[in-house]
Amino acid sequence: MIFFFQMRLVYICVLDLRNMFSFDLIIFIFPCVLIRRILYWRHWFSMGEAPAFCFDNLQNGFGLKPKGLETSADVGDKTFVIGGADNDSTSYIGVKIYDKSTGKWVIPTVLGTKPKACKGHSAILLNEDRIMIIIRGSTPDDCIWFLEADTKYVKEQRKFWGTEVVAWSRGVRGDAEKPVVISGPSGVGKGTLINMLMKEFPSMFGFSVSHTTRAPRGNEKNGVHYHFTDRSVMEKDIKDGKFLEFASVHGNLYGTSIEAVEAVADSGKRCILDIDVQGARSVRASSLDAIFIFICPPTMRELEERLRARGTETEEQILKRLRNAEAEIEQGKSSGIFGHILYNDNLEECYENLKELLGLNGSAPTNHKPSPKGIDLPSNHSVSKIDNKILINCETPELEKASKNLIALDVSSLKGGAPGRTRGLNVYALDSFSDGLNEKLS
Ligand SMILES: Nc1nc2c(ncn2[C@@H]2O[C@H](COP(=O)(O)OP(=O)(O)O)[C@@H](O)[C@H]2O)c(=O)[nH]1
Ligand SMILES: Nc1ncnc2c1ncn2[C@@H]1O[C@H](COP(=O)(O)OP(=O)(O)O)[C@@H](O)[C@H]1O
């Protein structure tokens with residue numbers, strides 16, 4: 001009996017639906033769709049703009065649908081929308097996040113160097129944690145960027161800021177040589193040894209110009225020896241994540257900006273950092289793979305004589321530096337931070353030892369890598385992805401004449417990343433590229 005009534009109910013429902021279908025169903029469904037669209041658009045109008053992209057079903061984490069100036073990518077339950085103006089200004093590409101779990105839009109804290117606003121870009125999701133952006137019609141050095149959405153760095157920064165965080169990183173071809181970190185007490189001869197190295201191998205080494213709040217000495221130039229900075233400005237830059245490391249040394253603030261190290265690597269040179277033991281410890285804990293060298297004085301008495309003979313500090317400053325020197329030498333020798341300890345007794349001998357350690361004594365080194373060139377992309381191209389290769393199909397009239405017009409970016413050995421550059425991009429033309437175009441990429 002109950003079964004009979006249930007069947008009857010199902011039958012009536014089906015009949016009702018069939019009756020509704022022609023007219024009633026349309027009346028029922030249409031407002032639902034309309035309300036959903038209005039709710040969806042409301043997000044956009046509350047952001048001050050109309051939707052300029054469409055969400056697509058991404059296959060295997062790849063495939064973004066650019067429309068107008070914006071692209072979007074899903075990472076976990078968040079949709080990252082890239083394009084339009086930056087939150088603060090119209091100069092940079094903006095980022096906003098739609099959190100599907102809460103149904104809310106979030107403007108994230110944006111770290112790293114941001115790419116400038118552009119006429120358009122393509123975007124591809126890589127490894128479920130970063131989005132590669134290819135900027136149309138930009139300069140060769142400025143066309144590949146990475147927006148880190150869920151990398152280790154972003155996860156750490158999210159905890160630190162207590163907000164949603166994304167981080168930009170510029171893509172660079174090839175890899176950089178290991179930087180050299182040189183530490184030692186004030187007056188031991190670090191600057192002297194570094195100057196000798198830079199003078200003998202000017203095309204090989206570049207100095208990481210630190211920031212400091214100390215006053216310049218008579219012969220020191222801003223931007224060459226240090227970036228002399230106000231404490232408040234430097235503290236803000238540190239908070240904004242612009243420094244690889246920083247420390248309070250002899251009562252002043254010193255720090256290595258990420259840009260200082262990356263600029264040297266960009267020029268194809270090996271970066272030298274003259275930093276104190278605390279700074280060396282921070283670099284050691286960072287993702288920067290470096291060689292760590294500690295310079296020791298022959299005796300404390302000799303150190304004092306060199307400091308006094310240099311004549312750049314007041315008596316009070318000299319005494320402070322000498323007091324700090326003992327602890328620094330102790331740490332330099334026993335902390336395990338430094339892979340190499342050199343004694344600077346005789347300057348020439350110490351310099352020879354330094355060169356040997358860097359593989360530079362004997363004949364002039366020949367293994368100096370040329371500075372990696374940028375990628376020369378035409379302004380019109382389309383992008384696709386196969387495994388670890390991004391294929392860029394060029395559409396310029398010049399390239400249409402070529403037998404093939406594909407550029408491949410190999411992203412299988414990416415290194416580094418935000419807050420510095422993403423290195424290790426490998427770029428090549430596909431096989432039957434004409435010779436002239438192959439040259440462009442070499
Ligand atoms: N942590 C850190 N230390 C630095 C930096 N730049 C310089 N120093 C160190 O600060 C100390 C004082 O440097 P400076 O005032 O130039 O005096 P000097 O070493 O006697 O010539 C030295 O031990 C430097 O190695 C930096 O960017 N970070
Ligand atoms: N081996 C050495 N013997 C004697 N004087 C030295 C030696 N090395 C460096 N000096 C001198 O010691 C002083 C301090 O050297 P500097 O390079 O300024 O030290 P740091 O950069 O470590 O503070 C300078 O006047 C320099 O010419």
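Within the 4.5 Å cutoff, side-chain heavy atoms of Leu357 are placed close to those of Ile293. Arg170 has its side chain out of reach of Ile144: every pair of non-hydrogen atoms, C-beta onward, lies at least 4.5 Å apart. Taking 4.5 Å as the limit, some side-chain heavy atom of Val383 sits within range of a side-chain heavy atom of Ile390. Side-chain contact between Phe294 and Ser183 is present, with at least one heavy-atom pair separated by less than 4.5 Å. Leu244 places a side-chain heavy atom less than 4.5 Å from the side chain of Leu288. Between Leu360 and Met204, some side-chain heavy-atom pair lies under the 4.5 Å cut-off. Within the 4.5 Å cutoff, the side chain of Asp74 has no heavy atoms near those of the Phe80 side chain. A heavy-atom distance below 4.5 Å is found between the side chains of Ile82 and Ile131.
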Walk me through it: do Lys78 and Glu164 pass the test salt bridge (charged side-chain N to carboxylate O under 4.0 Å, His left out)? CA-CA 11 Å; Lys78 291 172 193 152; Glu164 196 54 72; 3.1 Å; yes
Between His121 and Ile134, is the side chain to side chain contact (heavy atoms under 4.5 Å, CB included) condition met? List the steps. CA-CA 5 Å; His121 64 268; Ile134 302 171; over 6 Å; no
Do Arg421 and Glu259 pass the salt bridge (charged side-chain N to carboxylate O under 4.0 Å, His left out) test, and can you show the C-alpha distance, the side-chain angles, and the key distance before you say yes or no? CA-CA 9 Å; Arg421 312 264 196 271; Glu259 197 50 40; 3.0 Å; yes
Evaluate the side chain to side chain contact (heavy atoms under 4.5 Å, CB included) criterion for residues Val81 and Ile97: first the C-alpha distance (whole Å), next the side-chain angles of each, then the deciding distance (0.1 Å), finally the verdict. CA-CA 6 Å; Val81 179; Ile97 302 170; over 6 Å; no
Test side chain to side chain contact (heavy atoms under 4.5 Å, CB included) on Val411 and Asn426; report intermediate values, then the result. CA-CA 7 Å; Val411 291; Asn426 196 3; over 6 Å; no
When you look at Tyr428 and Ile407, which way does the side chain to side chain contact (heavy atoms under 4.5 Å, CB included) test go after all the steps? CA-CA 6 Å; Tyr428 52 91; Ile407 294 173; over 6 Å; no
Take Arg158 and Asp150 through the salt bridge (charged side-chain N to carboxylate O under 4.0 Å, His left out) test and state the conclusion after the steps. CA-CA 9 Å; Arg158 226 184 264 145; Asp150 200 32; 2.9 Å; yes
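Side-chain rings of His211 and Phe228 stay apart, their centers remaining 6.0 Å or farther from each other.
Between Arg173 atom CZ and Asp410 atom CG the span is 12.0 Å, to the nearest 0.5 Å. Here the OG-CZ distance, from Ser282 to Phe246, works out to 7.5 Å after rounding to the nearest 0.5 Å. The CD1 atom of Ile295 sits 13.0 Å away from atom CD of Glu328, with the distance rounded to the nearest 0.5 Å. For the atom pair Asp276 CG and His250 NE2, the distance stands at 7.5 Å (nearest 0.5 Å). Rounding to the nearest 0.5 Å places CG of Leu409 at 11.5 Å from CG of Asn388. Atom CZ in Phe207 sits 7.0 Å away from atom CE in Met198 (nearest 0.5 Å).
A donor-acceptor pair is defined here as one N or O able to donate and one able to accept, closer than 3.5 Å; no such pair exists between the side chain of Glu245 and the backbone of Val283. Between the side chain of Ser257 and the backbone N or O of Ala260, at least one donor-acceptor pair lies under 3.5 Å. In this structure, the side chain of Ser208 does not engage the main chain of Val261 through any donor-acceptor pair within 3.5 Å. Of the possible donor and acceptor atoms, one in the side chain of Asp99 sits under 3.5 Å from a partner among the backbone N and O of Ser101. Using a distance-only test at 3.5 Å, with no hydrogens or angles considered, a donor-acceptor pair links the side chain of Ser169 to the main chain of Thr422. For Asp240 (side chain) and Lys242 (main-chain N/O), no donor-acceptor pair under 3.5 Å exists by modelled atom type. With hydrogens and angles ignored, the 3.5 Å screen pairs a side-chain donor or acceptor of Ser267 with a backbone N or O of Val264. At least one donor-acceptor pair closer than 3.5 Å links the side chain of Arg284 to the backbone N or O of Ile337. Between the side chain of Asn344 and the backbone N or O of Pro297, no donor-acceptor pair lies under 3.5 Å. A donor-acceptor pair is defined here as one N or O able to donate and one able to accept, closer than 3.5 Å; such a pair exists between the side chain of Thr229 and the backbone of His227.
Within 6.0 Å of the NZ atom in Lys100, the count of heavy atoms belonging to other residues, nucleotides or ligands exceeds 12. The local environment of CG in Asp387 is sparse, with at most 12 non-hydrogen atoms from other residues, nucleotides or ligands closer than 6.0 Å.
The shortest heavy-atom contact between Ile258 and Gly241 is CD1-O, 3.3 Å. Lys269 approaches Phe205 most closely through the heavy-atom pair CD-O, 3.5 Å. The two residues Leu391 and Ala408 make their nearest non-hydrogen contact at CD2-CB, 3.9 Å. Shown here for Tyr343 and Lys333, the closest heavy-atom pair between the two residues is OH-CE, 3.2 Å. Nearest heavy atom pair, residue Glu148 against residue Tyr153, reads OE1-CB, 4.3 Å. Of all non-hydrogen atoms in Pro179 and Asp289, the two that sit nearest each other are CD-O, 3.2 Å.
Side-chain polar atoms of Arg281 and Ser335 form no donor-acceptor pair below 3.5 angstrom.
Applying the salt bridge (charged side-chain N to carboxylate O under 4.0 Å, His left out) test to every pair with at least one member in residues 206-224, sequence neighbours left out, gives these pairs: Arg214-Glu220, Arg217-Glu220, Arg217-Glu313. The salt bridge (charged side-chain N to carboxylate O under 4.0 Å, His left out) analysis of residues 190-208, with sequence neighbours excluded, yields the pairs Glu200-Lys355. Pairs passing the salt bridge (charged side-chain N to carboxylate O under 4.0 Å, His left out) check and including a residue from residues 222-235, sequence neighbours excluded, read Arg231-Glu235.
Between Phe338 and Phe292, the ring planes lie perpendicular to each other; the angle is over 60°, past the 30° to 60° tilted range.
Ion pair Asp175/Arg423 not flagged as a salt bridge, since none of the NZ, NE, NH1 or NH2 atoms sits closer than 4.0 Å to an Asp/Glu carboxylate oxygen. With respect to the salt-bridge test (charged N to carboxylate O, under 4.0 angstrom), the residues Glu70 and Lys96 qualify.
Tested against Val172, the residues Asp141, Leu425, Asp266 include a single side-chain contact (heavy atoms from CB on, under 4.5 Å) partner, Asp266.
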